[in-house]
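The figures here come from the full heavy-atom set of this structure, side chains too, leaving out hydrogens, waters and symmetry mates.
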Amino acid sequence: MSQAADRPFFSVADIRRTFLDFFAQRGHTVVPSSPLVPGNDPTLMFTNSGMVQFKDVFLGTDKRPYVRAASVQACLRAGGKHNDLENVGYTARHHTFFEMLGNWSFGDYFKRESLKWSWELLTGVFRLPPDRLWATVYHEDDESYDIWTQEIGLPPERVVRIGDNKGGKYQSDNFWMMADTGPCGPCSEIFYDHGPEVPGGPPGSPDADGDRYIEIWNNVFMQFDMQPDGSVRPLPAPCVDTGMGLERLAAILQGVHSNYEIDLFRALIAAAARATGTRDLDSPSLRVIADHIRATAFLVADGVIPSNEGRGYVQRRIIRRAIRHGYKLGCTAPFFHKLVPDLVAQMGEAYPNLAANAQRVVEVLKAEEERFFETLAHGMEILDGALAGGQGTLPGEVAFKLHDTYGFPLDLTNDVCRERGVSVDVAGFEAAMERQKAQARAAGKFKMDRVLDYAGPSNAFVGYESLHAPAKVVALYVEGTPVAELKHGQSGVVVLDTTPFYAESGGQVGDAGVITSGSARFAVADTQKIKADVYGHHGTLEQGTLAVGDHVQAQVDLARRAATMRNHSATHLLHKALREVLGEHVQQKGSLVNAERTRFDFAHNAPLTAEQIRAIEARVNAEILANTDTQARVMDLESAKSAGAMMLFGEKYGETVRVLDIGSSRELCGGTHVRRTGDIGLFKIVAEGGVAAGVRRVEAVTGENALAYLQGLEAQVHEAAATLKAPVPDLVGRIGQSLEQIRALEKEVAALKGRLASAQGDELAAQAVEVKGIRVLAARLEGADAKTLRETVDKLKDKLGHAVVVLASVEAGKVQLAAGVTPDAVARGLKAGELVNAVAQQVGGKGGGKPDMAMAGGTDASRLGEALAGVAAWVAERA
């Protein structure tokens, strides 16, 4: 297949621009591509079509200021329902990342304009030969059929009616439905005929799956509302949703059969070849790498970093698949990140967000490469060994070991095995995975009191409204065993029918306080869950006797709860501030909130700068100063999603959830919180660091703890100022002056040591003995550091002429050694590195260096005299 001689060449960039210009001239608003991570749509892992950003418009829950739109949308299909990862690199048209050209009408134009404009753009602007184009319509859609055959003039034999080929009414390739109910309608697809030399039949025929007839554009006409009983009603404002694959259209316009032969991929494949040192540009591995750099780079730019869950796990799978293909090409060092500048050169103008985040993309990909390359070689050795026997199936246990120990995703193992004609025991892999999960659950440090045998009713938690409540003792436990009563001095667990005590959950520690009844007083040290709705109060009976059935007063420690609430509420504000300052990729990875501080772990791949920490603190404290009311609402999960509540990706929630508004933060949370943001008082970050690959930790204090922290720092500053006899405002300058003075004094001391050593050296030269024509000197040089030893050895070599010199010094019980050998002695086989190592071994150390100069150390100064005395014999033996 080759490009027609009378048709101009359209690059990928030309096609994007031409498409958008065409529809802009016809009254369409050009809308930028939305991120690969859909906003406020938990039903999708990634944006997989152009209509995703308009979904709410079609559902009637949103309205735009325009009724016609066009876009070039970045899409990803590598996880969930739409997963093309396995086929990438093995077919001509499968990709993880692809671009979708689309135009939309929201109750404005309909079938006639949509189909005529499609035909005009393809044949009039892109100048595709009309006799190569076919169309399909839903078998009941006479209107579209007539537009194609009577108005556009496409021959009836090239307009195929597609029936209900999926079983049941409206179950057709040419009838589109958003869901089981709701907006739906017929669609009309446009196909390009690559010619008789390519196998395959026309759409609707038994061999339609061949490569001859390729779908390039789909026009969806949303004109019905599907009812629960399967019937349809006309929509009051029919809509149009079209989508055309940019890569497929580019292949046709550029006269090539495979998408990987278009100009964009030729440039990326050339870059991949350069980065991997590969000359065979037809290598399937280069196609994989070229595809995957687009997917992974755009994901990072949109805030997705590699991790072991959710979107981050899909990202990690794609990156590691690319790395493995580079390894297959012989690349054993990080290379993948080097393709980012080439990608930006090709796509940065069309996608400014990619260009703006290019450096971050490089850093994230390089870090992931370095991490995986450390284990890749070992994993491949295990896989090669397992496949060496020629068996047809890789055991599931081996696949799991590769996943668990070496970070090989299952599809990567599948990839390698498929290349070698071997299948993978997926069922065995899944069984091994489930066993590990079960063991982890059994060994997990879950602080719910599961060992307590409690079968009674749930307790009523009143701790949101009150910190004290009348209650009744319904169960008592001592060392895990139910008892009728607790006696003075016994430690145990108390279960109440009503409790104001918050049980540890969601990162917030359990409450402390007291439970009293008459003369009995039970000091509660902690509160934990026995069941999801039953709380156990851990503590010690300090006075009297407490029995099942007693009526008591439960009182939470007010100060501890208040401090904990301040920290918990500040954590929500911190989370939001982190996302605003660092980026939307920040996701919570764990937290611990107690009365002393809050500890928050989150996904991020670099240390926070001092400037970023200040910006985060400023945002949180601004929310505190605003002193807005805190609002908690219980609602169903779908309503919470619609309200935009922050949810942890992959977290499981019940049908009803508690939505918490604190300042500008809105999250799901069951914890206890301040009534107004001003109650937090003050927020200060006190620590920041890494806890795992791609996970950072921030610790912060609030309220009185923040004040005490700052007062402590102030006291240290005043103490330092007093020590240096300087006013606090002048402290930094005075410290600088002191450091300059110290450096000057250190230089003077070094110079004095040098002069002292030189003087000693002159005296030591007289102690040299002659061994086989070589002057040998081995002695101690008191008070000398390593630099002085080395300089003195050089001077003695010059003074003695043909010589071997070993000098030693001792400080704090540690031995320093320096050995020097003149060139003529080196020529006779005497090497300073060997000599100093021989001496060092006798004083509990080792060392080495060049033939003419070497250094060493030791820990046993008591043997230094004996070691130095043996130098002459060592020279005599080897000279």
Side-chain angles (χ1 to χ4, degrees), residues 447-449 459-471 493-517 521-530 532-540 542 552-575 591-600 620 623-624 627-632 634 658 660-663 665 667-684 699-709:
K447 297 186 84 174
M448 187 177 285
D449 290 327
N459 56 231
F461 175 62
V462 297
Y464 292 135
E465 301 82 23
S466 177
L467 295 184
H468 59 85
V493 179
V494 179
V495 182
L496 305 175
D497 65 343
T498 301
T499 180
F501 287 79
Y502 180 82
E504 180 170 333
S505 182
Q508 180 178 331
V509 298
D511 278 332
V514 294
I515 298 171
T516 58
S517 174
R521 176 185 172 89
F522 183 82
V524 179
D526 193 14
T527 308
Q528 298 290 332
K529 290 184 178 181
I530 296 173
D533 52 3
V534 179
Y535 298 177
H537 307 80
H538 293 241
T540 303
E542 295 180 338
V552 298
Q553 287 290 326
Q555 174 69 55
V556 174
D557 183 329
L558 176 62
R560 172 168 154 153
R561 166 73 82 86
T564 303
M565 290 194 304
R566 286 193 290 267
N567 286 334
H568 199 166
S569 296
T571 304
H572 284 241
L573 301 178
L574 168 63
H575 189 187
S591 67
L592 174 64
V593 178
N594 57 29
E596 286 72 42
R597 64 181 57 201
T598 176
R599 189 184 75 199
F600 190 78
V620 175
E623 298 266 23
I624 293 170
N627 199 28
T628 55
D629 287 330
T630 297
Q631 182 183 17
V634 176
R658 187 167 181 258
L660 197 74
D661 289 344
I662 302 176
S665 166
E667 291 192 40
L668 301 190
C669 184
T672 61
H673 290 273
V674 297
R675 296 188 182 277
R676 301 179 69 88
T677 57
D679 296 342
I680 297 170
L682 176 64
F683 173 86
K684 185 75 181 79
E699 295 187 37
V701 289
T702 63
E704 294 174 349
N705 292 326
L707 178 60
Y709 174 79

*With sequence neighbours left out, write down each residue that passes salt bridge (Lys or Arg N to Asp or Glu O under 4.0 Å) with Glu542, or none if nothing qualifies.*
Arg521

*Specify whether His537 and Phe501 have parallel, tilted or perpendicular ring planes, treating 30° as the upper limit for parallel and 60° as the lower limit for perpendicular.*
perpendicular

_Just verifying a value: how many Å separate Lys684 NZ and Thr702 OG1, rounded to the nearest 0.5 Å?_
13.0 Å

*asked:* As a quick check of understanding, evaluate side chain to side chain contact (heavy atoms under 4.5 Å, CB included) for Asp526 and Val509, giving each step before the final call.
replied: CA-CA 8 Å; Asp526 193 14; Val509 298; 5.5 Å; no

*Asn459 CG to Asp497 CG distance, which is reported to the nearest 0.5 Å*: 8.0 Å

*Say whether, by atom type as modelled, one donor and one acceptor occur between the side chain of Tyr502 and the main chain of Phe461 under 3.5 angstrom.*
no

*Measure from the side-chain N and O atoms of Gln508 to the backbone N and O of Thr672, and report whether any donor-acceptor pair falls under 3.5 Å.*
yes

*Selection residues 560-571 - residue pairs positive for salt bridge (charged side-chain N to carboxylate O under 4.0 Å, His left out), sequence neighbours left out*: Asp511-Arg561

*Are the side chain of Thr598 and the backbone N or O of Thr571 linked by a donor-acceptor pair below 3.5 Å?*
no

_Could you check whether any side-chain N or O of Arg599 sits under 3.5 Å from a backbone N or O of Asn594, counting only pairs where one atom can act as donor and the other as acceptor?_
no

*For the pair His572 and His568, name the ring-plane relationship: parallel under 30°, tilted 30 to 60°, perpendicular over 60°.*
tilted

*Please state whether the rings of His575 and Phe600 are parallel, tilted or perpendicular, taking 30° and 60° as the class boundaries.*
tilted

*Dump the intermediate steps for side chain to side chain contact (heavy atoms under 4.5 Å, CB included) on Thr527 and Thr499, then the final yes or no.*
CA-CA 10 Å; Thr527 308; Thr499 180; 5.7 Å; no

*Is there a donor-acceptor pair under 3.5 Å between the side chain of His538 and the backbone N or O of Ala525?*
no

*State, to 0.1 Å, how close Phe683 and Ala700 come at their nearest heavy-atom pair, and which atoms those are.*
CE1-CB, 3.5 Å

*To the nearest 0.5 angstrom, please state how far the CG atom of Leu682 sits from the CG atom of Asn705.*
10.5 Å

*Looking only at heavy atoms, what is the nearest atom pair of Gly506 and Ser591, with distance?*
O-OG, 3.8 Å

*With sequence neighbours excluded, residues passing salt bridge (Lys or Arg N to Asp or Glu O under 4.0 Å) with Asp629*: Arg676

*From His673 atom NE2 to Thr630 atom OG1, the distance as rounded to the nearest 0.5 Å*: 8.0 Å

*Taking every non-hydrogen atom, the tightest pair across Val552 and Ser517*: CG1-CB, 3.5 Å

*Over 12 non-hydrogen atoms of neighbours within 6.0 angstrom of CD in Glu699*: yes

*Give, for atom CD1 of Ile662 and atom CD of Glu667, the distance between the pair rounded to the nearest 0.5 Å.*
8.0 Å

*Is the NZ or CZ atom of Arg597 positioned over Tyr709's six-membered ring, under 6.0 angstrom from the centre and within 45° of the axis?*
no

*Can you see which heavy atom on Ser665 is nearest to which on Leu573, and at what distance?*
CB-CD2, 4.4 Å

*Distance (rounded to the nearest 0.5 Å) between Gln528 CD and Tyr535 OH*: 11.0 Å

*What heavy-atom pair brings Thr564 and Ala595 nearest, and what distance separates the two atoms?*
OG1-N, 3.4 Å

_Minimum heavy-atom distance between Lys529 and Ala503, given as atom pair plus value_ = CG-CB, 3.7 Å

